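Since the structure comes first, as structure tokens, the remarks are kept for the end.
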Amino acid sequence: MDEDVLTTLKILIIGESGVGKSSLLLRFTDDTFDPELAATIGVDFKVKTISVDGNKAKLAIWDTAGQERFRTLTPSYYRGAQGVILVYDVTRRDTFVKLDNWLNELETYCTRNDIVKMLVGNKIDKENREVDRNEGLKFARKHSMLFIEASAKTCDGVQCAFEELVEKIIQTPGLWESESQNRGVKLSNKEEGYGGGGACGGYCSML
Amino acid sequence: MAADSEPESEVFEITDFTTASEWERFISKVEEVLNDWKLIGISSGKPLEKGVYTTGAWEEKSDEISFADFKFSITHHYLVQEPSDKDGKEELVEDALPLPVQDLLCMNNDFPPRAHCLVRWYGLREFVVIAPAANNDAVLSESKCNLLLSSISIALGNTGCQVPLFVQIHHKWRRMYVGECQGPGVRTDFEMVHLRKVPNQYTHLSGLLDIFKSKIGCPLTPLPPVSMAIRLTYVLQDWQQYFWPQQPPDIDALVGGEVGGLEFGKLPFGACEDPISELHLATTWPHLTEGIIVDNDVYSDLDPLQAPQWSVRVRKADNPQCLLGDFLTEFFKLCRRKESTDEILGRSAFEEEGKEVADITHALSKLTEPAPVPIHKLSVTNMVHSAKKKIRKRRGVDESPLNNEVLNTILLFLFPDAADKLADGFESRTSTSAGNNPPPENEDYNLFSQFKSAPSDSLTYKLALCLCMINFYHGGVKGVAHLWQEFVLEMRYRWENNYLIPGLANGPPDLRCCLLHQKLQMLNCCIERKKARDEGKRGSMSDCSPGGTSGDTGKGADHSGENPDKDKEVGKSWESWSDSEEEFFECLSDTEDLKGNGQENGKKGGAKEGNKEPVNLKPEGRLHPHGKLTLLHPGEPLYIPITQEPAPMTEDLLEEQSEVLAKLGTSAEGAHLRARMQSACLLSDMESFKAANPGCCLEDFVRWYSPRDYIEEEVVDEKGNVVIKGELSARMKIPSNMWVEAWETAKPVPARRQKRLFDDTREAEKVLHYLAVQKPADLARHLLPCIIHAAVLKVKEEEALEDISSVKKIIKQIISHSSKVLRFPNPEDKKLEEIIAQIMSVEAIIARARSLKAKFGVEKCENEEEKEDLQRFVNCLLEQPEVSVIGAGRGPAGSIIHKLFVNAQRVSAVPPLDEELRRSGSSEERRLNMGAVSDFPPPTGREVILRTTVPRPAPYSKPLPQRMYSVLTKEDFRLAGAFSADTTFF
Ligand SMILES: Nc1nc2c(ncn2[C@@H]2O[C@H](COP(=O)(O)OP(=O)(O)OP(=O)(O)O)[C@@H](O)[C@H]2O)c(=O)[nH]1
Ligand SMILES: [Mg+2]
């Protein structure tokens with residue numbers, strides 16, 4: 001593992017089929033748009049190292065298939081993820097309506113309750129918009145998520161979405177430190193402050 | 001003013017610092033520290049409020065200084081006070097008495113329950129102590145003590161600091177301090193006497209008054225009156241009327257089920273010894289004037305019953321032995337054991353000469369023959385089906401760590417369905433102990449997903465509790481290994497004989513639970529499929545009838561009452577498909593079997609040949625029509641096929657799989673390979689689809705499978721009519737994309753004749769092997785979350801009976817702490833220990849509350865109002881260091897306390913003769929023992945504070961505060977005097 005990488009973060013992309021999850025990821029990792037991208041089978045995987053606030057973080061990003069039939073498999077990838085990007089297609093209302101189901105699934109299978117969630121409304125380059133930006137905002141606020149609208153095609157908002165998510169994860173105490181600690185990566189003793197020891201038996205700041 | 005004076009004195013004294021002596025350097029260091037801490041100048045502050053020493057916050061600051069190479073620590077102790085406003089400061093009179101000197105006379109904070117000893121002795125709100133830094137260092141010689149004392153005197157004088165400065169002398173345990181306080185024209189000396197043997201005249205008030213007066217040496221006659229505060233402390237250790245009821249549970253009687261709350265599936269609770277060891281009653285006369293009472297060598301007016309103030313504190317046993325805590329601790333210790341199950345059992349009862357123990361780890365080789373089950377008597381299901389088993393005779397059954405009775409009780413508890421089978425056809429008892437578990441939506445019930453344990457009505461959870469109990473009461477790690485071995489045998493037996501494992505939710509492994517639970521669920525999935533397959537083979541030779549009845553009958557037979565949920569859990573949105581799983585694999589996975597069956601063989605051949613023109617085929621494996629959709633070309637209704645369920649997975653398998661997938665890298669080829677590896681399910685579905693819809697094309701499949709990839713548009717054709725034209729999405733149309741590729745390879749084969757996506761035989765053997773190689777330590781780690789979960793529930797339950805708000809808060813903290821720690825793989829031992837310690841402390845608090853409640857007879861109290869008061873009093877005792885008794889000896893609590901003492905006295909009233917002789921030695925007791933047995937024992941502590949204001953040293957000096965504190969205990973005697981003198985006129 002690169003020495004200057006602070007931590008490896010597991011990020012998950014979910015959402016209905018065809019909303020552009022794989023396209024967003026390709027835009028982020030390779031900065032291209034490929035209209036000939038095949039529908040994802042099972043899960044796909046990409047890696048990218050980015051730098052946020054001077055900290056380098058390696059992102060292991062799992063791109064899941066939105067196709068219903070593959071979904072029985074995907075919950076397993078929720079495990080241990082620190083961040084999740086939930087995508088809908090602003091030109092297809094049905095993909096927005098289904099968001100609740102996705103959040104439910106996330107709640108059920110995600111192993112931690114402090115996972116950082118980001119909502120992305122994709123394909124804003126297209127004309128026939130069906131979901132208003134405000135609706136997305138409202139939904140995100142209701143479920144304490146980050147929110148951004150983006151276009152994998154024109155590149156709008158894509159970089160920003162990922163960076164914002166990572167920044168938030170890094171700011172969340174305990175979210176990334178203990179995870180990497182369990183993987184044997186040595187980190188500074190950041191943990192001491194919130195969880196370890198202390199006069200109060202180590203749980204004073206927990207409530 | 002003070003800050004300015006310093007440079008002057010330096011100019012005067014020292015010009016060349018290199019010649020400064022160690023002593024001078026020490027003094028200047030002290031001054032520097034006092035300066036740094038801003039202790040220079042007039043001390044200010046408000047008059048002390050009543051009780052503020054207890055309610056207020058105390059803080060301290062420390063630094064290190066040295067005298068030559070001897071290290072001292074210098075510490076400033078102070079009561080945190082609101083910063084006094086600026087205006088107040090101006091009012092301060094230049095030559096007012098320093099605050100600490102005024103405080104000597106303040107009576108608002110006498111006998112604080114918890115304070116630094118110097119606070120208790122001198123009533124100070126602020127002071128600085130210089131003490132040897134190392135714990136075993138001491139300033140012993142008189143010359144050194146004097147040197148130190150003059151050092152601080154000089155430092156105080158040089159800086160104008162008005163805070164009292166002390167040095168600690170002699171060994172630290174003696175708590176000997178001497179000190180000084182300086183103010184304008186006044187100096188107070190703090191002196192101390194500490195004796196192991198008490199001179200007789202110090203044991204009573206009149207003697208102490210004499211010393212005080214002679215120390216003051218006041219020339220005035222008559223002397224101004226001396227005010228006195230007296231506190232006598234009595235200790236009660238012997239709780240006569242009250243016996244701690246909780247005996248360690250009777251283990252032998254355990255098999256019967258419930259003894260002393262010890263029951264399999266329950267954790268015990270409570271202290272084994274009294275968690276309250278002593279009661280200290282302090283009887284206080286806060287303000288007496290000299291001459292009002294008599295207390296001398298032969299007579300005393302100080303009757304504790306008449307004391308105007310009573311306060312009580314309780315001594316809590318430090319770490320009372322508590323059952324739940326012991327259980328947890330012992331179970332946690334298991335985690336550190338190194339031995340394997342075989343190693344533990346091999347050395348004892350399970351060894352046979354020359355022959356290895358039936359090695360359950362080589363399970364794979366035993367597939368064909370019935371597995372020999374050691375100790376036949378002990379396996380429950382085995383009791384039922386013993387006829388089928390070849391029983392190995394072994395010696396030493398009696399030596400096995402668990403006796404048969406216990407083992408059978410446990411196994412029946414874990415596998416209640418075995419009892420049902422025993423009762424032959426008795427089917428009413430389906431779900432285990434359904435009645436007494438919380439409903440599944442309850443917050444407590446869902447704790448398992450926070451703790452990553454297992455539901456509280458699950459087999460895993462019950463197993464954890466049994467192992468915990470066995471570890472504690474039935475042979476420790478050996479018993480654990482033994483039960484585990486039996487458990488694994490039972491699992492194998494069930495797999496081989498198609499008996500579902502009870503106490504597990506149906507459906508794929510629940511990733512929210514611990515891995516062991518998932519493994520058991522996995523095994524159950526395997527059993528379910530194998531069973532369905534076996535029954536399908538036996539029952540339905542007719543191979544059509546989708547959603548047929550054979551599966552249903554098979555289901556009714558053994559799936560127990562948990563079944564109603566099942567359809568909902570399997571496959572979620574695909575629920576309509578899941579019913580038919582029993583029919584999937586009637587032809588097994590092996591191609592040999594296929595060949596053996598002529599009919600199937602023919603069909604398979606047909607599929608091959610007809611690959612390009614499937615239209616001729618008879619449709620197979622249809623589930624139901626897909627709405628009103630029709631195939632694009634033949635126009636037939638489009639059928640949803642029966643499909644294979646995807647393989648259930650446990651988290652470790654998933655982890656493995658995702659690692660493999662990740663290893664393929666991020667290149668295009670890697671991505672392609674990854675998709676291909678995951679396309680088995682897609683291919684299987686395509687084959688099922690083709691079989692169900694002869695003549696279909698990829699567009700048809702996509703319309704069912706991925707409707708968004710079939711784009712329909714209204715177009716106007718040549719004739720001007722609006723028609724709907726559909727086509728595949730761009731991404732589906734890419735030549736040779738994975739979907740097209742898979743479509744082209746897919747043959748029309750119905751799900752039940754496809755190769756199994758999930759090899760239940762292999763997976764079951766993997767699980768059984770996994771179970772067999774678990775060491776007791778592994779087991780303990782797997783199950784610790786369940787135990788912590790159970791312990792938290794237990795503590796919650798017990799707290800609910802007592803309703804202690806502080807405990808409620810701690811429990812909340814424990815839950816949130818635990819869910820943080822337990823969700824991660826391999827939590828650190830340190831954190832686990834923390835959790836256990838928290839649970840133990842809660843147990844101790846509850847036990848103390850119960851002990852106190854019993855001692856004060858709260859339950860027995862009939863007057864409602866009094867009962868409430870008593871309850872409040874008891875709660876205060878738990879939470880506050882000292883509680884005052886309303887109405888002193890005459891209040892309801894007071895009279896209970898009085899009775900407690902009287903009872904204890906009555907018992908000790910007939911002491912052995914020699915003891916009586918020895919006792920009568922002290923004058924104290926001689927006085928108290930005069931006449932009848934007194935209600936109270938001799939006081940354990942006598943504290944007296946004497947105060948007055950007199951001119952010193954000369955009759956014409958300023959009248960100044962004088963104070964002397966004395967404490968007399970069984971072990972020692974201490975006098976702490978603060979004598980002020982006028983330094984201007986003498
Ligand atoms: N105009 C436009 N088209 C987009 C955009 N993002 C994706 N698409 C197109 O939408 C279609 C689906 O995109 P994918 O990225 O494959 O969608 P997905 O969410 O990965 O779909 P699944 O893998 O089936 O879950 C493709 O044809 C993309 O070219 C976008 O921002 N703008
Ligand atoms: Mg995709």
Side-chain angles (χ1 to χ4, degrees), chain A residues 16-19 22 29-30 34-48 60-63 65-73 75-80 89 92 94-95 101 105 108-114 174 178-179 181-183 195-197 200-204 206-207, chain B residues 449-450 452 508 511-512 571-574 643 645-646 649 651 653-655 657-658 661-662 664-666 670-671 674-679 681-682 685 705-709 729-732 734 737-739 742 809 812-814 816-817 819-821 823-827 830-831 834 837-838 841:
Chain A
E16 292 291 302
S17 174
V19 296
S22 306
T29 55
D30 299 21
D34 178 4
E36 308 227 311
L37 208 56
T40 309
I41 292 174
V43 292
D44 199 10
F45 171 76
K46 284 199 186 312
V47 179
K48 181 165 177 161
I61 310 164
W62 291 90
D63 171 27
Q67 213 34 262
E68 268 195 307
R69 185 59 174 160
F70 295 120
R71 276 194 211 161
T72 41
L73 259 183
S76 57
Y77 292 92
Y78 293 28
R79 274 174 49 75
D89 178 348
R92 303 199 66 144
D94 58 327
T95 65
N101 294 358
E105 194 164 295
T108 318
Y109 293 106
C110 170
T111 49
R112 50 199 326 154
N113 38 22
D114 50 358
S178 32
E179 180 64 13
Q181 160 217 322
N182 279 313
R183 295 197 170 160
C200 46
Y203 53 83
C204 49
M206 298 260 172
L207 271 188
Chain B
S449 66
Q450 284 186 55
K452 205 161 164 42
L511 302 180
R512 294 170 301 169
K572 291 193 143 192
S573 51
W574 300 80
T643 52
E645 275 303 303
M649 298 268 241
E651 66 187 37
L653 289 180
L654 288 164
E655 195 75 27
Q657 183 189 303
S658 69
L661 293 179
L664 294 174
T666 52
R674 190 153 41 229
R676 166 151 281 169
M677 283 176 66
Q678 296 174 89
S679 63
C681 182
L682 178 65
D685 289 346
Y705 208 79
S706 181
R708 282 198 199 95
D709 280 303
S729 69
R731 61 179 190 173
M732 283 295 175
I734 305 157
N737 83 64
M738 188 70 72
W739 292 65
K809 229 172 86 196
K812 273 207 187 119
Q813 287 169 336
I814 294 176
S816 93
H817 188 193
S819 43
K820 296 223 174 198
V821 171
R823 276 191 187 200
F824 290 108
N826 311 319
K830 207 184 89 215
K831 294 192 174 169
E834 258 170 42
Q838 283 172 10
S841 76

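Please read these numbers as outputs of a predicted model, since none were measured by experiment. Below, read A as the first sequence line, B as the second, and so on, with proteins coming before strands; counting in each chain starts at 1. Atom set for the values below is all heavy atoms of this structure, side chains included, hydrogens, waters and symmetry mates excluded.
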Do you know the tightest heavy-atom contact between B:Asp709 and A:Gln67? OD2-NE2, 4.5 Å
For A:Arg92, the salt bridge (Lys or Arg N to Asp or Glu O under 4.0 Å) test, sequence neighbours excluded, returns A:Asp94
In this structure, CG of A:Leu37 is separated from CZ of B:Arg731 (nearest 0.5 Å) by 8.0 Å
Interatomic distance, A:Thr40 atom OG1 to B:Met738 atom CE [nearest 0.5 angstrom]: 11.0 Å
Please look at B:Arg708 and chain A and tell me whether the side chain, the backbone, both or neither of the residue comes under 4.5 angstrom of a heavy atom of that chain. both
Please determine, among A:Ala39, A:Ser17, A:Ala38, A:Pro35, the option with the most heavy-atom pairs under 4.5 Å with chain B. A:Ala39
Portion of A:Glu36 that has a non-hydrogen atom of chain B nearer than 4.5 angstrom: both
Using the salt bridge (Lys or Arg N to Asp or Glu O under 4.0 Å) criterion, which residues pair with A:Asp44? Sequence neighbours excluded. B:Arg674
Flag the one option from B:Glu651, B:Arg676, B:Met732 with the top tally of heavy-atom pairs under 4.5 Å to chain A. B:Glu651
Would you compute the distance between atom OH of A:Tyr78 and atom CG of B:Leu654 and round it to the nearest 0.5 angstrom? 13.0 Å
Quick one: closest heavy-atom pair of B:Leu661 and A:Val43, and the distance? CD1-CG2, 3.8 Å
Is it true that the side chains of B:Thr643 and A:Arg69 contain a donor and an acceptor less than 3.5 Å apart? yes
Which atoms form the tightest heavy-atom contact between A:Trp62 and B:Ser658, and what is the distance? CH2-O, 3.2 Å
Between B:Leu682, B:Leu653, B:Thr666, which has the largest tally of heavy atom pairs under 4.5 Å with chain A? B:Thr666
As an exercise, state the distance from CG of B:Leu664 to CZ of A:Phe45, rounded to the nearest 0.5 Å. 10.0 Å
